[in-house]
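Structure, as C-alpha cells:
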Amino acid sequence: MEAVHTQAEVTKRRTLARSTLLIELRAEDLFKNGQRPAPGQFVMLGPLKEDSTDPFLNRPFSIHRLSGPDRLELLIAVVGRGTTILGSLMPGDRLGLLGPLGNGFTFPEPSRPVVLVAGGLGVAPLFFLAEELCACGVQPRLFYGAGSVDLLVPTDGLQAQGVSVKLATDDGSAGFAGFVSELLAQELLNQETPDAYSAACGPMDMLRAVTDLARNRGLDLEVSLESRMACGLGACLGCTVFLSTGAGRRICCDGPVFRAREVFGP
Amino acid sequence: MSTVDLEVSIGRLTLKNPVMVASGTFGYGSEYAGFVDVNAIGAVVTKGISIYPTDGNSAPRIVETPSGMLNAIGLQNPGFEVFEREKMPFLRKLRSKTIVNFFGSTVEEYAELAGRLDTVEGVDALEVNISCPNIKRGGLAFGADPQTAASVTRAVLRRTDKPVIVKLSPNVTDIVEIARAVADTGVDGITLINTLRGMAIDYRSGRALLGNVIGGLSGPAIRPVAVRAVYEVAQALDVSIIGCGGIVEWPDAVEFLRAGACALQVGSATFRKPSAAMEVLQGLEVFLKKAGHAMVGDLVSTVKVHGGGHP
C-alpha cells in the first residue's frame, strides 16, 4: 500500500519482557480503502518531542502485529534516549507515524513448509508473518533465541494459533542452551526440507550463521535487515547496505527484506 | 492583512518563493512526492551528482547527536546519465524550480559536468558543491582555499549559461575570504553553509560511531554557526546569499533573512517532518503579512546590533 504520514494514538502499553515494551497504536490512515500493512514492513515514529529538537531524528520499528481493524503493535526495547521517550508514552498520547514502509517478506505459497528464525527483538516482524501464515492455514515453525529467559517475549498466543515454537537462550535459562542458529542446525540435521520457505530477523552474525545453514540445506531464505535511518523513504541514503556483489541497496525502501544469498553471497 | 510578494531573485534565478529543500535531504524529489506538495516550495535542490556513479561510504553512515545528526554518506549517487534519464522526468514536471547540486574530483570534472548539465532541459540552476566533508578528493578540498574555490567556479561558469550557485563550507578560518573570491567570479549566489566536520564515539565500546569516522554535522545544532556565516558575508559583500543550516521552523527562516540571506534551504528537518519546508514557507508568509511587509526583501539584513554598551 501507499505509505502515509499521519498522527497515531497510543491505545495500549504493556511490558512483555525485560526492557521490552509492546505499544499498540491506532492509525486508521494505514487501513484506508481496505489496504493494510504487510509482514516485514516498518514505520517511522516521531518527532519524539514536539517542542524540542532533541532527540532530533525519528525511529524505525517493524510492525509486530495487527491487533484490530485500525491498529498495529510495535515492540520497543528501551535501550537509549529515543526509546526511553517512546517507552514513557501512555494511552491517549499521540505521535507522528510514517508508513507502512519497505517491501516486506515474500509471502510463500500455502503448500510450503515454513521455518522462521528470530534473534532477540528480531522476533517482532516474524510474529506478524507467523500470524498471517496461520490465517492462511499454514503452521510455521518458529526458532526464537534471546540472551536469557527474561528477554523472551511470550509466544503462547502464537502456539495457540498452531505455530510450533522452539526456544534458545545464550545462558540456557530456557529451551536450548546456545545460539538459535545452533538450535536450528541441530533441528535441521535430521530433516529434509527441500521446498521450505524460511525467513530470519536478528543480529547480523546470527543472520550470517543462518544463511550458511540455509546454503548447506538448500533452504530458500529471506532476511530482514536493520539500520539506523534518518528519512525511511530512500532520500538520505543513510541505511545503504552493500550486497555481496558490491551493489548498494537502501534498507528502507529496497528492503528491509532481502534474499539471504544476495546479502551474504551465493 | 495585505498580500505579500514572495518572489525572490538569486542573480539570474527567480523563484516563486524563498524556501527550498537542501541537497541530500530530499533525494531527487520523487521520494517525498506521496507525502507533501513538492510544488509548493520555491525549488528542489537535488542530491549531489557526479559524472560517474559513486558508491558512498561504508556503514554506519548516520548518527544522531544533540539537536542534530552526523552523516558520512559519501555522495552516493547514480551518476549523470542515470540522473538525466530516471530522475529528471519527475523534476521537469514540477512547478518548483530544479537546482542540481553536483561535484567532481578535479576542476576538469566540475567543468565537464557543468557542460553536460547545461544541455539538460528542466535544470533551472546549478549548485556547485565544493564543501562536502565526506570525500577524500574533491568536495571540501576545493572549498577551503580562495584561489581554488574561484578557479572551480570560473571553470563551471565558462561551461554553462544557467545560473550558478556555489555552496560553501563553514570548515574554514575566514569564510568571507572564500566567499569574496567566489563572488568576484560573477556567480549568481552563494549557499551558506554545508555541514560542519564532526565526530562521535561510543563511550562504552570506544568505537567511532560513523564508518567513515568523521562526518558532517547538520540540524539545529549548527544554526548559530550558519547565521554567523550569513551575517559576516552579507556585511562584507554584495552577493545573493541562500541561508542553510538548522532551519526547522519559520522563525529560524526569519533569523536567516535578518542576518542577510535572501532565500533559504530547509535540510535535515525534513527527515523529522516531511512537510518541514512547506510549513516554514506558510509560517514565513503569515509572519510577513502580519508584520506589514510587502516582500521578502523587506526583512533581508534587518538585524539590529547592540550599540557600544550604552543604554
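Here is how names work: the chains are called A, B, and so on, in the same order as the sequence lines, proteins then strands, and each is numbered from 1.
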Item to check | Heavy-atom pair of closest approach, residues B:Ile73 and A:Cys236 | outcome: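 Heavy atoms of B:Ile73 and A:Cys236 come nearest at CD1-O, 3.3 Å.
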
Next on the checklist: For a quick test of reading the model, state the closest non-hydrogen atom pair linking B:Gly27 to A:Ala235 and the distance between them.
Outcome noted: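 The pair with the smallest heavy-atom distance is N-CB, 3.6 Å.
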
Item to check | Part of B:Phe35 within contact of chain A (heavy atom distance under 4.5 Å) | outcome: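 Side chain only.
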
Checklist entry - Which bit of B:Leu210 comes within less than 4.5 Å of chain A, counting heavy atoms only: side chain, backbone, both or neither? => result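 Neither part.
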
Put together the list of donor-acceptor pairs under 3.5 Å connecting chain A with chain B, please.
residue  : atom : partner  : partner atom : Å
A:Lys49  : O    : B:Arg272 : NH2          : 3.3
A:Ser52  : O    : B:Arg272 : NH2          : 3.0
A:Thr53  : OG1  : B:Ser67  : OG           : 2.9
A:Asp54  : OD1  : B:Ser67  : N            : 3.3
A:Pro55  : O    : B:Arg272 : NH1          : 3.3
A:Phe56  : N    : B:Glu64  : OE2          : 3.0
A:Phe56  : O    : B:Arg272 : NH1          : 3.1
A:Leu57  : N    : B:Glu64  : OE2          : 2.6
A:Asn58  : ND2  : B:Phe271 : O            : 3.4
A:Asn58  : ND2  : B:Arg272 : O            : 2.9
A:Arg59  : NH1  : B:Glu64  : OE2          : 3.1
A:Arg59  : NH2  : B:Glu64  : OE1          : 2.6
A:Leu237 : O    : B:Arg61  : NH1          : 2.8
A:Thr240 : OG1  : B:Arg61  : NH1          : 3.0
A:Thr240 : OG1  : B:Gln76  : OE1          : 2.9

Checklist entry - When heavy-atom pairs shorter than 4.5 Å are enumerated against chain B, which of A:Leu233, A:Val241, A:Leu48, A:Leu98 gives the highest number? => result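 When all of A:Leu233, A:Val241, A:Leu48, A:Leu98 are compared, A:Leu233 has the most.
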
Next on the checklist: At a heavy-atom distance under 4.5 Å, which candidate from A:Pro47, A:Gly82, A:Gly46, A:Gly248 has the highest pair count against chain B?
Outcome noted: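 Counting heavy-atom pairs under 4.5 Å, the top option is A:Pro47.
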
